[in-house]
Amino acid sequence: MAEQSKKWILMVTAQTPTNIAVIKYWGKRDENLILAINDSISVTLDPAHLCTTTTVAVSPSFQQDRMWLNKKEISLDGARYQNCLREIRARANDYEDEKKGIKISKNDWQNLHVHIDSYNNFPTAAGLASSAAGFACLVFSLAKLMNVQEDNGRLSAIARQGSGSACRSLFGGFVKWVMGKEEDGSDSIAVPLVDEKHWDELVIIIAVVSSRQKEKSSTSGMRETVVTSALIEHRAKEVVPKRIIQMEEAIQNRDFPTFAQLTCSDSNQFHAVCMDTSPPIFYMNNTSHRVISCVEKWNRAEGTPQVAYTFDAGPNAVLIARNRKAAALMLQRLLFHFPPNSDTDLDSYVIGDKSILKDAGIQDLNDVEALPPPPEIKDKVPAQKCKGEISYFICTRPGRGPVLLPDESQALLCLETGLPK
Ligand SMILES: Nc1ncnc2c1ncn2[C@@H]1O[C@H](COP(=O)(O)OP(=O)(O)OP(=O)(O)O)[C@@H](O)[C@H]1O
Ligand SMILES: C[C@@](O)(CCOP(=O)(O)OP(=O)(O)O)CC(=O)O
């Protein structure tokens, strides 16, 4: 390491999206390496609406590895953080910037400390997969900082050791996590199926359900399922392998009816294996069930699916509409059934791509109140309204994979001090 200057700080900032599985990962065959019992497929969400930004810095003046998450310092002691740091350091390469007087050789990285500052532009630990975007961004940014030459597929195998679903956030569009066979997990990686432009008609609406209860974490939930559920083995061995093939084909062909049928069935089966766990795990709540019923009724009335629904380990609904028109009609239905509380304004009730709201012909809360009951429920008076059951909606779309943010003004750490700005 160059001794001429102890003061330099080298820094990299990256942005990484989150993802939502349409064929779910649930169950591990190795807890430490995070190896899944089945393949899974996800769609990456547009980072404009849901993403993590992470700045990583290295300097001979840093005394220890430190991390800040959403402005608060957190511990890096956990095995998941340590595994990611170790694996990246093991792949680090020589780095030199003559102008700045920085020379780091491969082995120096073992002794140099890092500072990490990360920010999620959406709620953390609220069932919106912050851990997926977060660990993907951590690994991606550290790899760039340490001049790791491996491609995003190889990096996904490291992000996987932070959180399984994180490996799928190394790519945009639709992504498959191949469970792999090797004991060391080297073939358990994410592979891109199609990029985000392949099926750019799709619109995604996330209904963030008001929920006071903190659900059981995915990590412990899936551990209990693997140990106690009789259905999980059937799902992993018999059902998912066939669905993966069908889903890949549906995505390639932009075959929405098949895509929707598989997505909804797989979400429902995932929640069925949760119920089959002892003690049973309930991630969805009554609001989630009402959203399902609303989508099912409309899809049935149309004769062909307009919207697919999927739910992760929590009550939030992720609705994937076949196109903008279907998304606008879905939003009308959602706002009819789930109007906001009287103290909530429309601007904060529907966030993200607000043009969908415009397409739905809704400009203010009076328009929401004036929405007629959807025709498919018209005869079933009184139509049920569930005010305040949904906190807010996020309108988004399939999005791109990780990117570097070269502009220093976007860095979260100060280039002079190496501390959060
Ligand atoms: N930006 C980030 N960088 C690094 N780690 C993060 C980041 N954001 C979240 N995490 C890690 O993920 C944890 C939250 O994961 P958790 O699974 O509880 O919630 P979630 O991923 O937001 O929701 P869910 O898994 O239910 O969809 C945090 O406590 C932290 O350890
Ligand atoms: C329901 C899921 O969202 C489960 C995600 O589980 P995590 O990736 O959060 O679990 P760990 O690997 O233990 O960190 C389905 C999915 O994303 O495929």
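Computed from a predicted structure; not experimentally measured. Ligands are counted one by one from 1 in listed order, and the atoms in each one are counted from 1 as well.
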Show your reasoning for whether side chain to side chain contact (heavy atoms under 4.5 Å, CB included) applies to Phe393 and Leu335. CA-CA 10 Å; Phe393 295 99; Leu335 290 170; 3.9 Å; yes
If we number the atoms of ligand 1 from 1 as shown, the ones under 4.0 Å from a heavy atom of Ser118 are 1 (N), 2 (C), 3 (N)
Per side-chain contact (heavy atoms from CB on, under 4.5 Å), Asp117 is matched among Leu412, Leu69, Thr53, Thr54 by Leu412
So for Asp312, does at least one of its heavy atoms come nearer than 4.0 angstrom to any atom of ligand 1? no
If you count every heavy atom of other residues, nucleotides or ligands that lies below 6.0 Å from Lys354 atom NZ, does the total exceed 12? yes
What atoms of ligand 1 come within less than 4.0 Å of a heavy atom belonging to Gly127? 23 (O), 24 (P), 26 (O), 27 (O)
Atoms in ligand 2 flagged as close to Arg168, the criterion being non-hydrogen separation under 4.0 Å: 16 (C), 17 (O), 18 (O)
Taking only Lys NZ, Arg NE, NH1 and NH2, and the carboxylate oxygens of Asp or Glu, determine whether Asp266 and Lys24 approach each other closer than 4.0 Å. no
The atoms of ligand 1 lying under 4.0 Å from a heavy atom of Met67, numbered in the order shown, are 3 (N), 4 (C)
At a non-hydrogen distance cut-off of under 4.0 Å, which region of Leu128 contacts ligand 1 (side chain, backbone, both, or neither)? backbone
State whether the shortest distance between N or O atoms of Ser165 and N or O atoms of ligand 2 falls below 3.5 angstrom. yes
Minimum distance, heavy atoms only, to atom 30 (C) of ligand 1: which one of Phe135, Tyr81, Tyr283 is it? Tyr81
Indicate yes or no: does Glu376 engage Arg300 in a salt bridge with an N to O separation below 4.0 Å. no
Relative to each other, are the rings of Phe174 and Trp199 parallel, tilted or perpendicular (30° and 60° limits)? tilted
Are Met146 and Trp109 packed together at the side-chain level, in the sense that at least one heavy-atom pair is separated by less than 4.5 angstrom? yes
Find out whether the Lys NZ or Arg CZ of Lys216 is both under 6.0 angstrom from the six-membered ring centre of Tyr283 and within 45° of the ring's axis. no
Among Gly134, Ser163, Cys137, the residue with a heavy atom nearest to atom 2 (C) of ligand 1 is Gly134
Residue portion contacting ligand 2 (non-hydrogen atoms closer than 4.0 Å) for Ile34: side chain
Any idea which atoms of ligand 2 are less than 4.0 Å away from a heavy-atom of Lys28? 11 (P), 12 (O), 13 (O)
Contact atoms of ligand 2, heavy-atom distance to Met222 under 4.0 Å: 6 (O), 10 (O)
For atom 16 (P) of ligand 1, which candidate among Ala166, Gly314, Ala129, Ser131 holds the nearest heavy atom? Ser131
Pick out which of Thr44, Asn19, Asn152, Thr16 makes a side-chain hydrogen bond (donor to acceptor under 3.5 Å, both in side chains) with Ser169. Asn19
Which ligand 1 atoms are under 4.0 Å away from a heavy-atom of Thr52? 1 (N)
Is a side-chain donor-acceptor pair under 3.5 Å present for Asn83 with Arg80? no
Nearest-option assignment for atom 9 (O) of ligand 2, heavy atoms, candidates Ser163, Gly164, Gly162: Ser163
Is the closest heavy atom of Phe270 to ligand 2 under 4.0 Å? yes
Within the 3.5 Å criterion, strictly below it, is a donor on Trp177 or Ser188 matched to an acceptor on the partner's side chain? yes
Give the atoms of ligand 2, by number and element, whose distance to some non-hydrogen atom of Ala21 is under 4.0 Å. 16 (C), 17 (O), 18 (O)
Check whether any N or O atom of Ser40, backbone or side chain, sits under 3.5 Å from an N or O atom of ligand 2, and answer yes or no. no
Region of Asn120 engaging ligand 1 - heavy atom pairs below 4.0 Å: side chain
Nitrogen or oxygen atoms of Thr124 and ligand 1 under 3.5 Å apart: no
Is the shortest distance from a heavy atom of Arg80 to ligand 2 less than 4.0 Å? yes
Is the shortest N/O to N/O distance between Tyr25 and ligand 2 below 3.5 Å? yes
Option of least heavy-atom distance to atom 14 (C) of ligand 1 (set: Ser130, Gly78, Cys84, Gly221): Ser130
Any heavy-atom pair between the side chains of Ile158 and Arg91 that's under 4.5 Å? yes
Testing the 3.5 Å rule here: is there a donor-acceptor pair between the side chains of Ser355 and Asp353? yes
Between the side chains of Gln110 and Asp108, does any donor sit under 3.5 Å from an acceptor? no
Look at ligand 1 and say whether Leu138 reaches it with a heavy atom at a distance under 4.0 Å. no
